[in-house]
Amino acid sequence: MINITLPDGNVRQYEVGTTAMDIAKSISEGLAKKVLAAEINGEVWDSTRPLTSDCSFKLLTWDDDKGKNTFWHSSAHIMAEAVEAMYPGVKFWVGPPLDQGFYYDMDLGDQHITEEDLAKIEAKMNELAKQNNAFERTEIAKDEAISYFTEKNDEYKLDLLQNLEDGKITFYKQGNFTDLCRGPHIPATGLVKAIKLTNIAGAYWKGNEKNKQLTRLYGITFPNAKLLDEYVVMIEEAKKRDHRKIGRDMGIFCFDDDVGQGLPLWMPNGTIIIEELEKLAKETEEVAGYKRVVTPHIAKESMYITSGHLPYYQDSMFPPMELDGTKYYLKAMNCPHHHKIFDAEPRSYKELPLRLAEYGTCYRYEQSGELFGLMRVRCLHMNDAHIYCSKAQFGDEFRAVNDMYVKYFKIFGIDKYVMRLSLHDPAKLGQKYIDEPELWKETEAMVRNVLIESNIPFIEVQDEAAFYGPKIDVQIWSAIGREFTLATNQVDFAQGKRFKLSYNSAENKPEIPLIIHRAPLGTHERFIGFLLEHYAGKFPLWISPLQVKILPISDKFMDYCKDILAQLKSNGIRAEIDDRSEKIGRKIRDTELAHIPYMFVVGEKEMNDNAVSLRIQGKGDQGSVAVADIIASMKKDIADRV
RNA sequence: GCCUUUGUGGCUCAGUGGUAGAGCACUUCCUUGGUAAGGAAGAGAUCGUGGGUUCAAUUCCCACCAAAGGCUCCA
């Protein structure tokens, strides 16, 4: 007998060789039907695998992430079985589960799968699922596995086998499909009731662009059809939030072939948002002791040799233009220009920390396939600043920058983000990173300490640092689930030295300043792209391109409306009159759909009372309000940015 | 950059080897109506660009341009 510890802490005795499924059945048949896998001593196992020693035990169903992962991983095997049946000779690489669904990478040789074929593969998968074939696990010796795949001429699985230890190799078989797989799997294919293959894509073998490109099929499956329907609705909702769609509908930005890829044109409504953001940044930075500067968009090659951008960053810069034998580059960053301002006059320790701020325009030659709406562009406006400080001042300065992030995020109600401490990879010193191993260690520790002392939750990631130092990135996700860095706070221990920057210390000795690069509002492009999705186009009053639409009941009240409009404008409120000869219901509908925060409905009653009937976006009719009162209340909300 | 897909009026989308259609938006007229779509008429597209095949191409082929999804999540 073996002792099995249940999740509630109870210990029960079972025969050696009992399976998780047996235990589930002993509890209830209904439960057993839902079991996808089991967690044995913290490890996910097939529910049909015999238990041979004392262990802790938990059943996994669709409600557990680990259960879902098992379900999707097994679904990848069903997809592979379908593809193998339809495309003989196909070779498979790996087929892992994702946060939402799964994929399988495969080499189809000369064969081709198009989107039209996906439905056929889905049909085949449904057929295989209905057969309710069991997933059978076999342990297999490495030699045997190698000869099996050598015979199949499958270089991909042989490659995987190279890194596996003998004695830990397992095959899984369902129906006619056998795969090298660690498992675990769901009991049988019949649990998969709803299948959707979502897309087909190329993916480099092992993620290396020098390798062969494999075909990757993505799909998602569910234990019932209703969940699939809900998933489809959710995807459609996410698409409605996509900043590319809302941005066009609201006249925020556009692209034009003659201007170029990744070069957004900011339309009047988008420009208002930009100006409100800059106003916020300038106010905040003024209070925080920043000084504003303005610098050119181009600079000579020599400056980028000094800065190190040319050796480390050239691929991301537009190629140079040559004038009278001198090369000029469009700036990809503002820092070198700011360093030159630091260096323009002798500096004393009394001037530090010196904080230079600019909403700088930068140009980056991103690969064409990486461009993505406003989130990834080639022309960007950065909420940039550089703080020159002593080592002693570094902690306070870095912390103050973090506080500024938090303040901004509160204004915008941003709560779904992850702070990421991005570290260098020692193996890439001298290539991707400046070759100063000691300084890397020292500054990484400094940044980590600031985060810990400030009690900010964060994750650490290797090989994501800037070439000149570690950084903290704020990671966010777009409506369709892509991850981006929204804001960044970077340490730079390298450029001070490279630019020979120095200040006179209290001991009257030259010292090299530490530099903090920071962009709490990121770039206009990415930040506004993010805000469009975050608010689904329904901007708060203060930043909304149009704040009030005045809706006359009929054009008899037009003069009164014009009077209100003039009052709003003289109070700095952005307003328009809907002067179309439409019914009020129509005007309201169109204004609601255009996401205008405030509507003033104006008829005879309002005109007589010197009032408006207030309607707030999404909240409906608010009743009659005196014009002077509503203007005062709006002005307060706009000033408070609520 | 690479793989797959797409490219028809401002937007969403039909359609065809014989030079195009709908809805919304737009313009004009009628309507002056009290909290999410009033009615009528009208204008608007050399079907992404360039080449090829053909008597004839928006439709078939090729190239280019642009867009979308993916190329990180290691059996």
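In the text below, chain A, chain B and the rest are named by the order of the sequence lines, each starting its count at 1.
Take Gln314(A) and apply the side-chain hydrogen bond (donor to acceptor under 3.5 Å, both in side chains) test, not counting sequence neighbours, and it matches Tyr329(A). Asp256(A) is linked by a side-chain contact (heavy atoms from CB on, under 4.5 Å) to Asp258(A), Val259(A), Leu265(A), counting only residues two or more places apart in sequence or in another chain. Lys173(A) is linked by a side-chain contact (heavy atoms from CB on, under 4.5 Å) to Thr178(A), counting only residues two or more places apart in sequence or in another chain. In this structure, the side-chain contact (heavy atoms from CB on, under 4.5 Å) partners of Asp249(A), at least two apart in sequence or on a different chain, are Lys245(A). Listed by chain and residue number, Tyr359(A) satisfy the ring-ring contact (aromatic ring centres under 6.0 Å, His included) test with His524(A) (two or more places apart in sequence, or in another chain). Partners of Asp629(A) by side-chain hydrogen bond (donor to acceptor under 3.5 Å, both in side chains), not counting sequence neighbours: none found.
Residues Glu81(A) and Gln174(A) have side chains that bring a donor and an acceptor to within less than 3.5 angstrom of each other. Donor-acceptor pairing under 3.5 Å is lacking for the side chains of Glu606(A) and Ser624(A). With 3.5 Å as the limit, one finds a donor-acceptor pair spanning the side chains of Tyr172(A) and Asp46(A).
Distance noted for atom P between U59(B) and G9(B): 15 Å (whole Å). Nucleotides A25(B) and A43(B), compared at atom C1', are 13 Å apart to the nearest Å. U5(B) and G48(B) are spaced 16 Å apart, taking the C1' atom of each and rounding to whole Å. The gap from the P atom of G39(B) to that of U31(B) amounts to 16 Å, rounded to the nearest Å. The P atoms of C73(B) and G17(B) are separated by 44 Å, rounded to the nearest whole Å. Of the C1' atoms belonging to U28(B) and G34(B), the separation is 27 Å, rounded to the nearest Å. Rounded to the nearest Å, the gap between the P atom of U6(B) and that of U16(B) is 15 Å. Going from the P atom of U53(B) to that of U12(B) covers 36 Å, rounded to whole Å.
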Inset, instruction - Mind running side chain to side chain donor-acceptor pair (under 3.5 Å) on Ser422(A) and Asp473(A) for me, showing each step along the way? - result: CA-CA 7 Å; Ser422(A) 296; Asp473(A) 294 321; 3.0 Å; yes
Legend entry - Worked verdict on Glu576(A) versus Arg574(A) for salt bridge (charged side-chain N to carboxylate O under 4.0 Å, His left out): CA-CA 7 Å; Glu576(A) 280 175 8; Arg574(A) 298 182 286 270; over 6 Å; no
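Counting any heavy atom pair closer than 4.0 Å across all strands shown, Asn199(A) reaches sugar-phosphate atoms only and no base atom. Using a 4.0 Å heavy-atom cutoff across all strands shown, Gly369(A) reaches at least one base atom of the nucleic acid.
In the set G69(B), G34(B), A75(B), the nucleotide with an atom closest to the side chain of Arg244(A) is G69(B). Checking A67(B), G34(B), A36(B) against every side-chain atom of Gln261(A), the shortest atom distance belongs to A67(B). The side chain of Lys583(A) has G38(B) as its nearest neighbour among A75(B), G38(B), C71(B). With A75(B), G34(B), G70(B) as the candidates, the nucleotide lying closest to the side chain of Tyr218(A) is G70(B). Counting only heavy atoms from C-beta on, Arg216(A) has its side chain closest to C73(B) among G69(B), C73(B), A75(B). Here C74(B) is the nucleotide among C74(B), G69(B), G1(B) with the atom lying nearest to any side-chain atom of Val94(A).
Summarising the geometry, the separation between CD on Gln100(A) and P on G70(B) is reported as 13 Å, rounded to the nearest angstrom. Atom CH2 in Trp93(A) sits about 9 Å away from atom P in A75(B), given to the nearest Å. The CG-C1' distance, from Asp65(A) to C73(B), rounds to 14 Å in whole Å. As rounded to whole Å, 19 Å separates atom P of A75(B) from atom CD of Glu84(A). Protein atom CD1 of Ile588(A) is 11 Å distant from nucleotide atom P of G34(B), rounded to whole Å. The distance from atom CD of Glu483(A) to atom C1' of U72(B) is 9 Å, rounded to the nearest whole Å. Rounded to an integer number of Å, the gap from Tyr104(A) OH to C73(B) P is 14 Å. Per the geometry, NZ belonging to Lys206(A) stands 13 Å off P belonging to A75(B), to the nearest Å.
Ile252(A) and Pro545(A) make their closest contact through CD1-CG, 4.3 Å (heavy atoms, listed as atom of the first residue, atom of the second, distance).
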Under 3.5 Å, which protein N or O atoms sit close to an N or O of nucleotides 40-47 of chain B? Give each pair with its distance.
none

Legend entry - B/S/- contact track for nucleotides 24-32 of chain B, protein heavy atom under 4.0 Å: -S----BBB
Inset, instruction - Sugar-phosphate atoms are those with a prime plus P, OP1 and OP2; base atoms are the rest. Using that split, label each nucleotide of nucleotides 3-11 of chain B B, S or - for protein heavy atoms under 4.0 Å, 5' to 3'. - result: BSS-----S
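Between Phe372(A) and Phe484(A), the ring planes are parallel. Angles under 30° get that label, and only those over 60° would be called perpendicular.
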Inset, instruction - Go ahead and write out RNA chain B as dot-bracket, 5' to 3': ( ) for pairs within the strand, [ ] for ones crossing earlier pairs, | when the partner sits on another strand, dots for unpaired; Watson-Crick or G-U wobble, both distances under 3.5 Å. - result: (((((((..((((....[..)))).(((((.......))))).....(((((..]....))))))))))))....
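Within 3.5 Å, a donor on the side chain of Glu606(A) pairs with an acceptor on the base of G34(B), or the reverse. For G1(B), the base has a donor-acceptor partner in the side chain of Tyr204(A) [N/O atoms by modelled type, under 3.5 angstrom].
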List the atom pairs, with distances to 0.1 Å, where a side-chain N or O of residues 155-162 of chain A and a protein N or O form a donor-acceptor pair under 3.5 Å, not counting sequence neighbours.
from	atom 1	to	atom 2	distance (Å)
Glu155(A)	OE1	Lys91(A)	NZ	3.1
Tyr156(A)	OH	Asp107(A)	OD2	2.6
Lys157(A)	NZ	Trp93(A)	O	2.9
Lys157(A)	NZ	Tyr104(A)	OH	3.2
Lys157(A)	NZ	Asp179(A)	OD1	3.0
Asp159(A)	OD1	Lys206(A)	NZ	3.0
Asp159(A)	OD2	Lys206(A)	NZ	3.3

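Applying the salt bridge (Lys or Arg N to Asp or Glu O under 4.0 Å) test to residues at least two apart or on different chains, the pairs with a partner in residues 144-153 of chain A are Glu84(A)-Lys152(A).
Remark on RNA chain B: of its neighbouring residues Leu160(A) and Ile584(A), the 5'-side contact belongs to Ile584(A), judged by nearest-heavy-atom nucleotide.
The residue from Arg615(A), Lys538(A), Lys549(A) that alone fulfils the side-chain contact (heavy atoms from CB on, under 4.5 Å) condition with Glu592(A) is Arg615(A).
Under 4.0 angstrom from either OP1 or OP2 of C73(B) there lies at least one side-chain N or O belonging to Tyr103(A). For A75(B), the OP1/OP2 oxygens have a side-chain nitrogen or oxygen of Arg182(A) closer than 4.0 Å.
When ring centroids are compared, Phe92(A) and Phe177(A) come within the 6.0 Å threshold.
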